[in-house]
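Contents: one structure, followed by commentary.
We count ligands from 1, going down the list as the structure has it; atoms in each ligand are counted the same way.
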Amino acid sequence: MRFTLNESPRKLHVAAAQIGPIYENESRGEVVERLIDLMEEAARRKAQLVCYTECALSTFFPRMLLSDEELLKYFEKSMPSPATQPLFDRAKDLGIGFHLGYAELSEDGRYNTSILVDAEGRIVGKYRKAHIPGTAEPVPEQRFQHLERRYFKEGDTGFKVWDAFGCRVGMAICNDRRWPETWRCMGIQGVELVIVGWNTPLTHYRKAKSYSRLAEFHNKLSMQAGCYQNGTWAVGVAHCGEEEPGYILMGQSMIVSPLGEIVAMSYVNEDDLVDAVIDLDLCREIKEGVFNFELYRRPDLYKLIVQ
Ligand code: CDT
């Protein structure tokens, strides 16, 4: 069937709920209140789905070397947890769906996790971060660490997609967005909306020599290429700002179209809401065109990728 723009388009109103600095002494309750404020603003704008970032409930603790006991306070043992129940309740009252990233403590270990919650408050999807960056041991010469490999196990869920919000939704977490395999695994399953939260410390980029000036460019490059090459929309959501003197997280929460264009982006490094009404049928123009996988992909030549 030929694709025609505006032929009974499927529309979804999405919002990226960017969160600014979360200080170490801020309680979980205070953070959840900030998230609810953003949700209420999303509802006022009539958004149907509000997306929060990676590990949205606390300061970005992987910068610190913590004991197992100290670590516990950053993790949720259940979802909804007592601290996040008010977020679930408010969402149900408002009839809005949401995406939330959090640090998960499960029986088989600690994961960097995200969930998708429908407008009735049901958890309809769960994803555990696959590409865990940083180190397991502190790097002595670094003032700020990135100890995700110490605190989180590598995710075991793979890249699934869910039929929700009238489309096919997938999730990825921060570093995952830089990997084409993340996008392609979801692309092959017909994804139409990818939700990604991030904590990207510019501190590391500043040390990264040749590409230190390119942090924001690499963010856009990954998001825009992932969308275009798989014909999908994406909502990218930052936890940003100066969390402690000298420790700065990148912003740039954005909504990207299947054509690879940024249609909305935050220009501040604090709590902010960026929203757009997206036309899901626009995905077809790419999926049935330049990236028609059935017609043009050559998986027989791609075996090296998984060997
Ligand atoms: N949270 C996360 O995955 N951050 C990484 C940067 C890690 S720098 C060691 C990112 O890809 O943005």
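Judged by distance alone, the side chain of Trp183 and the main-chain N or O of Arg177 form a donor-acceptor pair under 3.5 Å. One N or O on the side chain of Lys287 and one on the backbone of Asn230 form a donor-acceptor pair closer than 3.5 Å.
Between Phe75 and Phe61, the distance from one ring center to the other falls under 6.0 angstrom.
Residue Glu54 approaches ligand 1 through these ligand atoms, each under 4.0 Å from one of its heavy atoms: 1 (N). Listed by number with element, the atoms of ligand 1 under 4.0 Å from a non-hydrogen atom of Asn175 are 3 (O), 10 (C), 11 (O). Proximity to Cys174 (heavy-atom distance under 4.0 Å) selects the following atoms of ligand 1: 1 (N), 2 (C), 3 (O), 4 (N), 5 (C), 10 (C), 12 (O). Listed by number with element, the atoms of ligand 1 under 4.0 Å from a non-hydrogen atom of Lys129 are 1 (N), 2 (C), 3 (O). Counting atoms of ligand 1 from 1 in the listed order, those under 4.0 Å from a heavy atom of Phe60 are 1 (N). Close approach of ligand 1 to Arg178 is summarised as follows: ligand atoms under 4.0 Å from at least one heavy atom of the residue are 10 (C), 11 (O), 12 (O).
Put simply, no part of His131 is less than 4.0 Å from ligand 1, judged by heavy atoms. Residue contact annotation: Met250 has no non-hydrogen atom under 4.0 Å from ligand 1.
With respect to Arg63, the salt bridge (charged side-chain N to carboxylate O under 4.0 Å, His left out) criterion is satisfied by exactly one of Glu148, Glu243, Glu24: Glu243.
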Legend entry - Pair Glu181-Arg184, salt bridge (Lys or Arg N to Asp or Glu O under 4.0 Å): steps then yes or no: CA-CA 5 Å; Glu181 293 86 351; Arg184 186 47 54 94; over 6 Å; no
Inset, instruction - Start with the C-alpha distance between Lys220 and Glu216, add both sets of side-chain angles, then the distance that settles salt bridge (Lys or Arg N to Asp or Glu O under 4.0 Å), and finish with yes or no. - result: CA-CA 6 Å; Lys220 289 182 183 167; Glu216 281 89 0; over 6 Å; no
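Between Asp93 and Arg90 a salt bridge is recorded (basic side-chain N to carboxylate O distance below 4.0 Å).
Taking each of Thr200, Asn219, Leu202, Asn199 in turn, the one with a heavy atom nearest to atom 12 (O) of ligand 1 proves to be Thr200.
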